Visitor: 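Dropping a structure here in structure tokens format, bear with me for questions.
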Amino acid sequence: MTIPQTPSRSALPDVAFDAAAAARALDWVGMSNIALPLRIAGGDGTPIQVAASVDVSVNLRDANARGIHMSRMYLHLQNAFASETVTPAGLRRALQSLIDGQGGISNAARLVLRYEQLLLRPALASHNAGWKRYPVEIDARLIDGHLHLGLRFAVEYSSTCPASAALSRQLNAERFAADFAAAHPLSTAVVSDWLASERGMAATPHAQRSRADVRVELRPAFDELPLVALIDALERALATPVQTAVKREDEQAFARLNAENLMFCEDAARRVAAALSADARIERFDAEVAHFESLHAHDAVARVTGHGARE
């Protein structure tokens, strides 16, 4: 039996070098949803490995070239983040290697990295802590030697409706007036016992889980990606981030925070904008908040754009 011989590398056909049938330059060519492990900075700065989905592409500026060197680009990507944490400088090197590997037919490259950032968050009152996940997307482009960095992430929080709170207070006041119409004088102990009873709460305001989706364009003058710092800033600004490990004392502290931070979606959007516009690492931002209404069958949303602080 004759065993077929594997053709040598020089004998393998490569139609990618054929002339393009309809000559035209292309904006981006590449691959999407590549599975890749990434090393990122954890909440304490220690590198951790996460599973990511990556899009990679380069431009095809040679109108007559039929295609790019796609397998070469894939192999470059496999090695790009194998041993170093994702940083602006590392992203620039990876993008430049993608361009260099195309043999002059490209002068721009793009990487989109999607993963979930896990952060250990302490409880509000107890000594417990739990992990929260934040969806993250890094959009890095190198065009004619200029690095452009976009960072997208989301923060979940609780929003209690100010209008509903005001209406609830009115009903509570009316019940108090009715229950104590004939009670004179009133002792502090009697009123305290009434407030602690079921009669002391005639209505409760509606609250709901909410989310702020944020995209920022970063100024290229910083060594690290400020993801954790930006998440922390937004959670401080909104003041009612959703919790993880919760005991009764934590739930009570959370209820107090909600009462102290009544928010329409417009209020939340302004809080987000104030936090982002104070950050000198941000060139511009685009944020949308959504309150997933418990009163309505639709959501309340607000969107705001702006620029970071100028030094």
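None of the values given here were measured: they were computed from a predicted structure. Positions are given from 1, in the same order as the sequence printed here. Quick note: numbers below take in every heavy atom, side chains included, and nothing from hydrogens, waters or symmetry partners.
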Visitor: Do Met73 and Ile34 belong to the same hydrophobic cluster, where Ile, Leu, Val, Met, Phe, Trp and Tyr are linked whenever their side-chain heavy atoms lie under 4.5 Å apart, directly or via other members?
Guide: yes
Visitor: In Å and rounded to the nearest 0.5 Å, what is the CZ to CG distance from Arg92 to Leu142?
Guide: 5.5 Å
Visitor: Do Phe81 and Leu36 pass the side chain to side chain contact (heavy atoms under 4.5 Å, CB included) test, and can you show the C-alpha distance, the side-chain angles, and the key distance before you say yes or no?
Guide: CA-CA 9 Å; Phe81 305 107; Leu36 194 72; 4.2 Å; yes
Visitor: Has Glu251 got more than 12 heavy atoms of other residues, nucleotides or ligands less than 6.0 Å from its CD?
Guide: no
Visitor: Does Tyr115 reach the side chain of Val54, with side-chain heavy atoms less than 4.5 Å apart?
Guide: no
Visitor: Say whether Phe254 and Leu262 are linked into one hydrophobic cluster, either directly or through other cluster members, by side-chain heavy-atom distances under 4.5 angstrom.
Guide: no
Visitor: Compare every heavy atom of Ala35 with every heavy atom of Gln78, then report the nearest pair and how far apart it is.
Guide: OE1-O, 4.3 Å
Visitor: So which heavy atom on Gly42 is nearest to which on Val228, and how close?
Guide: O-CG2, 4.3 Å
Visitor: For a quick test of reading the model, state the closest non-hydrogen atom pair linking Pro122 to Gln243 and the distance between them.
Guide: O-OE1, 4.2 Å
Visitor: Would you check if Ser57 and Val29 make a side-chain contact, meaning some heavy-atom pair closer than 4.5 Å?
Guide: no
Visitor: With a 3.5 Å distance limit and no angle check, can you tell me whether Thr244 reaches the backbone of Gly130 through a side-chain donor-acceptor pair?
Guide: yes
Visitor: Does Arg133 form a side chain to side chain contact (heavy atoms under 4.5 Å, CB included) with Gln117? I'd like the steps, not just the answer.
Guide: CA-CA 5 Å; Arg133 58 185 178 184; Gln117 177 85 46; over 6 Å; no
Visitor: With a 6.0 Å cut-off (strictly less than), is the heavy-atom count around CE of Met31, excluding the residue itself, greater than 12?
Guide: yes
Visitor: Is there a donor-acceptor pair under 3.5 Å between the side chain of Ser192 and the backbone N or O of Thr188?
Guide: no
Visitor: Does the distance from a Lys or Arg side-chain N to an Asp or Glu carboxylate O, for Arg121 and Glu235, drop under 4.0 Å?
Guide: yes
Visitor: Enter the distance from His69:NE2 to Leu75:CG here, rounded to the nearest 0.5 Å.
Guide: 13.0 Å
Visitor: Find out whether Val214 and Leu230 are in side-chain contact, i.e. whether some heavy atom of one side chain is under 4.5 Å from a heavy atom of the other.
Guide: no
Visitor: Give a yes or no answer on whether the side chain of Ser106 reaches the backbone of Gln102 with a donor-acceptor pair at less than 3.5 Å.
Guide: no
Visitor: Given Arg152, which of Glu217, Glu288, Glu137 fulfils the salt bridge (Lys or Arg N to Asp or Glu O under 4.0 Å) condition?
Guide: Glu137
Visitor: So which heavy atom on Cys265 is nearest to which on Ala302, and how close?
Guide: O-CB, 3.8 Å
Visitor: Counting heavy atoms not belonging to Arg175, are there more than 12 under 6.0 Å from its CZ?
Guide: yes
Visitor: Work out which heavy atom in Ala212 is nearest to a heavy atom in Leu238; give both atom names and the distance.
Guide: CB-CD1, 4.5 Å
Visitor: Looking only at atom types and distance, does a side-chain atom of Ser164 sit under 3.5 Å from a main-chain N or O of Cys161, one as donor and one as acceptor?
Guide: no
Visitor: How about Leu227 and Tyr134: do any of their side-chain heavy atoms sit closer than 4.5 Å?
Guide: no
Visitor: Looking at Arg303 and Ala287, would you say the former's side chain and the latter's main chain have a donor-acceptor pair under 3.5 Å?
Guide: no
Visitor: Check for a donor-acceptor pair, side chain of Asp267 on one end and backbone N or O of Phe264 on the other, with a separation under 3.5 Å.
Guide: yes
Visitor: Are side-chain heavy atoms of Val289 and Val301 found at a separation under 4.5 Å?
Guide: no
Visitor: Would you say Gln208's side chain and Ser159's backbone share a donor-acceptor pair under 3.5 angstrom?
Guide: yes
Visitor: Under 6.0 Å between ring centres, would you say that holds for His298 and Phe292?
Guide: no
Visitor: Kindly indicate, with the supporting measurements, whether the criterion side chain to side chain contact (heavy atoms under 4.5 Å, CB included) is fulfilled by Asp279 and Phe285.
Guide: CA-CA 10 Å; Asp279 198 311; Phe285 63 84; over 6 Å; no
Visitor: Do His76 and Val56 come within less than 4.5 Å of each other through their side chains, counting heavy atoms only?
Guide: no
Visitor: If we ignore hydrogens and angles and just use 3.5 Å, is the side chain of Arg72 paired with the main-chain N or O of Gly101 as donor and acceptor?
Guide: yes
Visitor: Does Tyr74, at its OH atom, have more than 12 non-hydrogen atoms belonging to other residues, nucleotides or ligands within less than 6.0 Å?
Guide: no
Visitor: Are Asp223 and Thr87 close enough, and set up right, to give a side chain to side chain contact (heavy atoms under 4.5 Å, CB included), and what steps lead you there?
Guide: CA-CA 7 Å; Asp223 297 330; Thr87 62; over 6 Å; no
Visitor: Side chains of Arg110 and His148: closer than 4.5 Å at any heavy-atom pair?
Guide: no
Visitor: Does atom CD (Glu260) have a neighbourhood of more than 12 heavy atoms from anything else shown, all under 6.0 Å?
Guide: yes
Visitor: Between Leu111 and Met70, is there a shared hydrophobic cluster once you connect ILVMFWY residues whose side-chain heavy atoms come closer than 4.5 Å?
Guide: yes
Visitor: Would you give the length of the straight line joining atom OG1 of Thr305 to atom CZ of Arg284, rounded to the nearest 0.5 angstrom?
Guide: 6.0 Å
Visitor: Should Leu218 and Phe153 be counted in the same cluster of Ile, Leu, Val, Met, Phe, Trp and Tyr side chains packed under 4.5 Å apart?
Guide: yes
Visitor: For Asp44, look at atom CG and say whether over 12 heavy atoms of other residues, nucleotides or ligands are found less than 6.0 Å away.
Guide: yes
Visitor: When you compare the side chain of Asp179 with that of Trp194, does any pair of heavy atoms fall below 4.5 Å?
Guide: yes
Visitor: CG/Leu91 to CD/Glu84 distance, rounded to the nearest 0.5 angstrom?
Guide: 8.5 Å
Visitor: Please confirm whether the backbone N or O of Lys247 pairs with a side-chain atom of Asp250, one donor and one acceptor, at under 3.5 Å?
Guide: yes
Visitor: For the CD atom on Glu249, are there more than 12 heavy atoms of other groups (residues, nucleotides or ligands in this structure) within a distance under 6.0 Å?
Guide: yes
Visitor: Inspect the contact between Arg310 and Glu283 and indicate whether a charged nitrogen and a carboxylate oxygen are less than 4.0 angstrom apart.
Guide: yes
Visitor: Calculate, to the nearest 0.5 Å, the distance between atoms CD1 and CG belonging to Ile68 and Leu26 respectively.
Guide: 9.5 Å
Visitor: Do Ile138 and Leu118 share a hydrophobic cluster (ILVMFWY, side-chain heavy atoms under 4.5 Å, transitive)?
Guide: no
Visitor: Any idea which heavy atoms bring Ala203 and Asn172 closest together, and the distance?
Guide: N-OD1, 3.3 Å
Visitor: Is it true that Asp55 and Arg114 have a side-chain N and a carboxylate O under 4.0 angstrom from each other?
Guide: yes
Visitor: To the nearest 0.5 Å, how far apart are OG1 in Thr85 and CG in Leu38?
Guide: 10.0 Å
Visitor: Do the side chain of Asn59 and the main chain of Asn107 share a donor and acceptor less than 3.5 angstrom apart?
Guide: yes
Visitor: Name the one of Asn258, Thr240, Asn261 that satisfies side-chain hydrogen bond (donor to acceptor under 3.5 Å, both in side chains) with Ser158?
Guide: Asn258
